Amino acid sequence: MNAEYLVTGGAGFIGSNTVRYLLGRGARVRVLDDFSTGRRENLAGLEKDIELIEGDIRDPAAARSATVGVRYVLHMAAIPSVPRSIEDPMTTSDVNIKGTLNMLIAARDADVERFVQSSSSSVYGDTAVLPKREDMIPAPMSPYALSKLVNEHQCRLFCELYGLKTCALRYFNVYGPRQNPKSQYAAVVPIFIDAFGKGRSPVIYGDGQQTRDFTYVENVIEANLACCAAPESTLGRVFNIGCGRRMTVNELAELLVRIMGKSIAPQHAPARQGDVRDSQADVSNAAKALGWTPRVGVEDGLRRTVEWFLSPS
């Protein structure tokens with residue numbers, strides 16, 4: 001079948017939530033994933049509703065077959081971890097940079113209408129200025145962050161040189177259902193929920209006063225879809241996608257304790273290399289250019305996430 005949307009990395013956390021969101025709105029969806037970091041259980045029950053191509057974004061043949069007949073590419077496939085990129089910069093660079101270039105070439109050749117790139121707030125690095133604005137000079141602190149910055153420039157170049165209609169979104173600390181708490185590179189929200197749910201004390205790296213702009217996954221999905229319908233003036237550009245509010249990691253733990261009805265204190269460990277101290281998005285450009293604003297606030301999103309994690313399988 002010809003699909004309306006291709007979701008690369010569709011078995012991952014953000015990808016699988018995007019697939020379910022699109023299907024819920026009657027869209028035809030194709031998924032490209034090699035299941036190196038994505039999980040098959042994230043697509044459980046959808047086997048008859050999607051077209052699944054099991055392949056690597058670095059493989060030109062897989063990229064070509066995935067983009068044929070597609071209107072929109074939501075490119076989410078990546079090696080997503082800062083710590084993992086520091087341990088293994090070669091694989092991160094190979095997948096995130098070479099793989100994205102491969103997908104851009106395939107999308108160009110398939111005359112795709114829009115190519116939406118998942119980028120990251122990590123490209124800003126540890127600059128003291130808050131909130132982060134898209135016109136700030138990037139200062140990546142990890143191979144992962146660097147790879148995402150390269151992806152943004154790749155998208156801009158393909159827009160300028162080849163007319164491929166691209167857009168890149170810098171996500172700020174996305175959380176929500178299907179985020180894996182078991183990985184050694186897992187994000188803080190699922191780790192905290194998993195630990196509190198099992199009566200354990202989670203680990204906070206550093207003093208916990210570092211701040212993050214925690215963003216519920218549905219806000220990110222809606223931003224991606226806004227890019228697919230955005231005016232020509234948005235093409236080749238980069239936009240912040242967050243809630244525009246920052247919270248300390250200690251405050252996050254306290255809020256989850258209250259939501260979950262627990263009385264467990266986290267423990268602290270040394271700060272991790274490559275982690276930024278503070279992060280907060282200025283989302284005014286996305287509001288003006290894309291007509292997008294975050295609908296789901298932090299506490300509401302955390303309640304939804306806790307409910308999903310604690311619900312019977």
Side-chain angles (χ1 to χ4, degrees), residues 1-34 38 42-43 46-78 99-119 151-152 154-171 217-239 241 286 289-292:
M1 69 173 184
N2 278 350
E4 190 176 5
Y5 293 90
L6 167 65
V7 182
T8 71
F13 155 52
I14 300 176
S16 62
N17 279 285
T18 301
V19 169
R20 291 176 183 275
Y21 187 99
L22 290 170
L23 290 174
R25 281 147 184 78
R28 300 186 310 280
V29 181
R30 181 181 296 160
V31 170
L32 174 62
D33 205 302
D34 66 357
N42 284 343
L43 299 176
L46 305 182
E47 294 83 0
K48 295 181 180 178
D49 301 317
I50 63 173
E51 180 186 356
L52 174 62
I53 297 176
E54 189 168 344
D56 191 322
I57 59 172
R58 293 169 292 182
D59 175 11
R64 284 194 299 270
S65 62
T67 51
V68 169
V70 165
R71 292 185 66 188
Y72 310 114
V73 174
L74 307 181
H75 181 46
M76 300 177 178
T100 297
L101 178 58
N102 199 39
M103 291 305 308
L104 283 164
I105 291 170
R108 178 200 64 186
D109 294 348
D111 293 323
V112 164
E113 287 187 24
R114 292 289 169 98
F115 187 103
V116 186
Q117 167 68 41
S118 295
S119 188
N151 290 164
E152 294 177 6
Q154 287 176 321
C155 287
R156 177 182 56 80
L157 283 174
F158 267 70
C159 184
E160 294 174 358
L161 296 176
Y162 308 115
L164 179 63
K165 297 178 179 179
T166 65
C167 187
L169 302 178
R170 290 175 178 167
Y171 303 158
V217 65
E218 196 167 295
N219 294 327
V220 167
I221 294 168
E222 291 175 350
N224 274 269
L225 300 187
C227 285
C228 293
E232 299 277 316
S233 59
T234 64
L235 299 181
R237 293 177 60 187
V238 175
F239 297 97
I241 302 299
L290 303 176
W292 170 91

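Everything quoted here is computed from the prediction, not taken from an experiment.
A heavy-atom distance below 4.5 Å is found between the side chains of Met103 and Leu6. At a threshold of 4.5 Å between non-hydrogen side-chain atoms, the residues Phe115 and Leu104 count as touching. Contact check for Glu218 versus Asn17: no side-chain heavy atoms found under the 4.5 Å cut-off. Taking 4.5 Å as the limit, every side-chain heavy atom of Leu169 sits out of range of all side-chain heavy atoms of Val220. His75 places none of its side-chain heavy atoms less than 4.5 Å from the side chain of Asn151. The shortest distance between side-chain heavy atoms of Thr166 and Gln117 does not fall below 4.5 Å. Contact of the Ser118 side chain with the Ile14 side chain is not registered, since no non-hydrogen atoms from C-beta on lie closer than 4.5 Å. Residues Phe239 and Thr234 are in side-chain contact: their nearest non-hydrogen atoms beyond the backbone lie under 4.5 Å apart.
Here the side chain of Trp292 pairs no donor or acceptor atom with the backbone of Asn224 at under 3.5 angstrom. Side-chain N or O atoms of Arg20 include one that pairs as donor or acceptor with a backbone N or O of Asn42 at under 3.5 Å. Remark: the backbone N or O of Ala168 is not paired with any side-chain donor or acceptor of Arg156 at under 3.5 angstrom. In this structure a side-chain-to-backbone donor-acceptor pair under 3.5 Å is missing from Arg58 to Asn102.
For Glu232 and Lys165, the salt-bridge test passes: some basic side-chain N is under 4.0 Å from an acidic carboxylate O.
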* side chain to side chain contact (heavy atoms under 4.5 Å, CB included) evaluation trace for Leu74 with Leu225 -> CA-CA 9 Å; Leu74 307 181; Leu225 300 187; 4.2 Å; yes
* When you look at Leu22 and Val7, which way does the side chain to side chain contact (heavy atoms under 4.5 Å, CB included) test go after all the steps? -> CA-CA 10 Å; Leu22 290 170; Val7 182; 4.1 Å; yes
* To do: Step by step, work out the side chain to side chain contact (heavy atoms under 4.5 Å, CB included) result for Thr18 and Tyr5.
  => CA-CA 10 Å; Thr18 301; Tyr5 293 90; over 6 Å; no
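Between the OG atom in Ser65 and the CD atom in Glu51 there is a gap of 8.5 Å [rounded to 0.5 Å]. Between atom CG of residue Leu164 and atom CD of residue Gln154 there is a gap of 12.0 Å, rounded to the nearest 0.5 Å. Between the SG atom in Cys228 and the CG atom in Leu290 there is a gap of 10.5 Å [rounded to 0.5 Å]. Atoms OG1 and CD1, from Thr8 and Ile53 in turn, are 11.5 Å apart once rounded to the nearest 0.5 Å. Here the NZ-CG distance, from Lys48 to Leu46, works out to 12.5 Å after rounding to the nearest 0.5 Å. Atoms CZ and CD, on Arg71 and Glu113 in that order, are 4.0 Å from each other to the nearest 0.5 Å.
For Ala289 against Pro231, the heavy-atom pair with the smallest separation is O-CD, 3.7 Å. Residues Asp33 and Gly10 share a closest heavy-atom pair of OD2-N, 3.4 Å. Minimum interatomic distance between Ala110 and Thr67 (heavy atoms only, all atoms of both residues): CB-O, 3.6 Å. Closest approach of Thr100 to Ile57, counting heavy atoms only: N-CD1, 4.3 Å. For the residue pair Met76 and Gly15, the shortest heavy atom distance occurs at SD-CA, 3.7 Å. For the residue pair Cys227 and Cys167, the shortest heavy atom distance occurs at SG-SG, 3.2 Å.
Of the N and O atoms on the side chains of Glu152 and Ser119, at least one donor lies less than 3.5 Å from an acceptor on the other residue.
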